[in-house]
*Asks:* 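Sharing a structure here in structure tokens format.
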Amino acid sequence: MSKKDFYEILGISKGATAEEIKKAYRKKAIEFHPDKNPGNPTAEENFKLAAEAYEVLSDPNKKAKYDQYGHQAFDGAGGFGGGHGHMNMDDIFSQFGDIFGSAFGGGFGGNSGGQRRVKGSNLRIKVKLTLEEIANGVEKKVKVKRKIQAPGVRYKTCSTCNGQGQVLRVTNTILGRMQSATTCNVCGGSGQTIDSKPNNADAYGMILEDETVSIKIPAGVVDGMQLKVSSKGNDAPGNGIPGDLIVAIEEQEHEFLKREGENLHYDLYISFAEAVLGVSKDIDAINGKVRIKLEEGIQSGKILRLKGKGIPSLNSYGNGDLLVHVNVWTPKSLSKEQRQFFEKSLTDDNFIPHPEKSDKSFFEKVKDMFS
Ligand SMILES: [Zn+2]
């Protein structure tokens with residue numbers, strides 16, 4: 001792979017001094033800095049290339065190797081990313097962040113200047129739903145214990161970080177003075193500390209309070225799914241923003257209906273006589289009974305599809321179906337007369353199976369269902 005020369009990338013000559021290399025890199029880094037070129041991949045690429053070039057040329061050992069062997073010096077073993085992949089942006093900022101000095105206010109990582117607002121922690125609950133509730137959607141009222149700011153608590157600006165939530169640490173390195181921002185450990189990053197608080201409040205001025213939260217659950221949710229109720233988690237101290245309430249859905253098993261995605265399955269048992277003579281049956285569907293008519297001579301294993309009697313789709317329009325599986329119940333014991341009747345029927349052509357194409361096997365029907 002042909003790589004651009006590191007000196008060329010920084011726009012300097014081979015004889016450049018350490019100071020000139022640093023200056024050249026700073027210029028390129030500012031020119032292509034992502035804050036100045038949002039959404040510009042060429043600039044980002046150039047920014048990374050400049051960092052890569054500087055990483056090598058600013059290190060006397062690496063520079064000597066590079067001057068002698070070129071890019072090959074770093075191919076394969078160890079070297080700088082094996083001479084292949086690039087540094088990622090985080091690496092660049094953590095290694096060379098200082099070089100930009102005041103050009104970007106020293107603040108990197110999207111948090112330029114302004115005070116951070118601390119977010120309260122999330123709360124988690126489980127909500128058990130019946131299949132009926134899932135099919136229709138439901139509004140659930142749940143009791144949660146939330147941390148809230150105690151009535152009467154007063155906060156003041158943190159004197160350690162002056163309300164910034166961060167403190168700057170300055171260290172001297174080979175590259176000069178290096179600034180790094182760390183979360184203020186006095187206020188925990190909120191920029192505020194307690195001025196006065198009631199006795200029952202904790203160290204952050206918070207108390208626990210029961211709150212009834214109403215959760216609107218849309219139809220079609222699935223077991224294990226998580227819904228978010230914004231701002232119903234724990235409050236944060238000071239002027240922070242509350243966390244969220246995370247609601248995990250738990251589906252209760254239904255007595256008769258089995259769910260499979262948006263479709264429901266129902267096992268219907270009919271007697272041998274009902275199968276022979278035909279019958280009407282009430283099915284316990286999701287929102288009440290549905291009457292279905294079975295033709296005379298219906299076969300065991302037949303699946304009847306009741307369109308739209310399943311579960312609504314969460315993401316699109318329409319409902320799944322209710323699939324009724326017909327099972328013919330075989331008597332487990334017979335009277336003497338019954339036994340004689342069936343023994344006679346053994347040789348009766350009417351009772352001998354003659355499956356036609358329309359009497360597909362169960363497996364073929366299942367295959368059809370999912371195709
Ligand atoms: Zn502070």
Side-chain angles (χ1 to χ4, degrees), residues 22 26 29-30 33-38 47 51 87-125 144-211 213 226 228-246:
K22 184 175 169 182
R26 185 169 193 274
I30 290 170
H33 194 282
D35 282 0
K36 271 184 136 183
N37 304 275
F47 184 75
M87 306 174 81
N88 71 41
M89 292 305 230
D90 288 343
D91 291 341
I92 295 169
F93 288 130
S94 65
Q95 285 191 42
F96 307 130
D98 73 299
I99 203 158
F100 309 111
S102 56
F104 292 92
F108 289 99
N111 181 31
S112 41
Q115 188 188 310
R116 275 196 308 186
R117 296 186 71 191
V118 167
K119 195 177 177 192
S121 52
N122 290 343
L123 288 173
R124 289 173 185 278
I125 53 159
V144 290
K145 271 195 189 314
R146 299 181 60 215
K147 275 186 187 173
I148 59 160
Q149 291 183 10
V153 66
R154 282 190 7 230
Y155 296 92
K156 61 183 176 189
T157 302
C158 174
S159 55
T160 305
C161 63
N162 289 318
Q164 293 304 301
Q166 294 190 325
V167 284
L168 291 175
R169 238 186 19 198
V170 179
T171 44
N172 289 310
T173 71
I174 189 166
L175 297 172
R177 280 156 68 82
M178 206 161 177
Q179 268 190 351
S180 58
T182 55
T183 302
C184 172
N185 59 15
V186 173
C187 63
S190 68
Q192 290 179 310
T193 53
I194 299 268
D195 189 14
S196 66
K197 68 176 178 73
N199 288 333
N200 60 341
D202 69 12
Y204 301 97
M206 314 294 285
I207 54 166
L208 271 177
E209 199 185 60
D210 284 324
E211 186 173 327
V213 177
Q226 296 194 337
K228 187 175 88 176
V229 185
S230 289
S231 302
K232 288 298 179 186
N234 287 322
D235 270 345
N239 61 1
I241 52 174
D244 302 320
L245 176 64
I246 309 293

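Keep in mind that what you see is a predicted model, and the values were worked out from it rather than measured. Counting convention: from 1, in listed order, for ligands and their atoms alike.
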*Asks:* Would you name the heavy atoms of A203 and I194 that are closest together and state the gap between them?
*Replies:*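 Where A203 meets I194 most closely, the heavy atoms are O-CG1, 3.5 Å.
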*Asks:* Contact between K119 and D244 at the side-chain level, heavy atoms closer than 4.5 Å - yes or no?
*Replies:*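 When only atoms from C-beta onward are counted, D244 and K119 do touch, with a gap below 4.5 Å.
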*Asks:* Looking at K147, Q149, R146, which one forms a side chain to side chain donor-acceptor pair (under 3.5 Å) with D235?
*Replies:*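 Of the listed residues K147, Q149, R146, the side chain to side chain donor-acceptor pair (under 3.5 Å) partner of D235 is R146.
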*Asks:* Decide yes or no on salt bridge (charged side-chain N to carboxylate O under 4.0 Å, His left out) for D210 and K145, but give the supporting numbers first.
*Replies:* CA-CA 5 Å; D210 284 324; K145 271 195 189 314; 3.1 Å; yes
*Asks:* I want to verify a count. Protein N, O or S atoms less than 2.8 Å away from the Zn ion (ligand 1), how many are there?
*Replies:*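 Total protein N/O/S atoms under 2.8 Å from the Zn ion (ligand 1): 4.
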*Asks:* I'd like to check L245 versus N122 (side-chain heavy atoms, cut-off strictly below 4.5 Å). Are they in contact?
*Replies:*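 Not in contact.
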*Asks:* Under 4.5 Å between any side-chain heavy atoms of S190 and C158, yes or no?
*Replies:*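 Contact flag for S190/C158 side chains = no.
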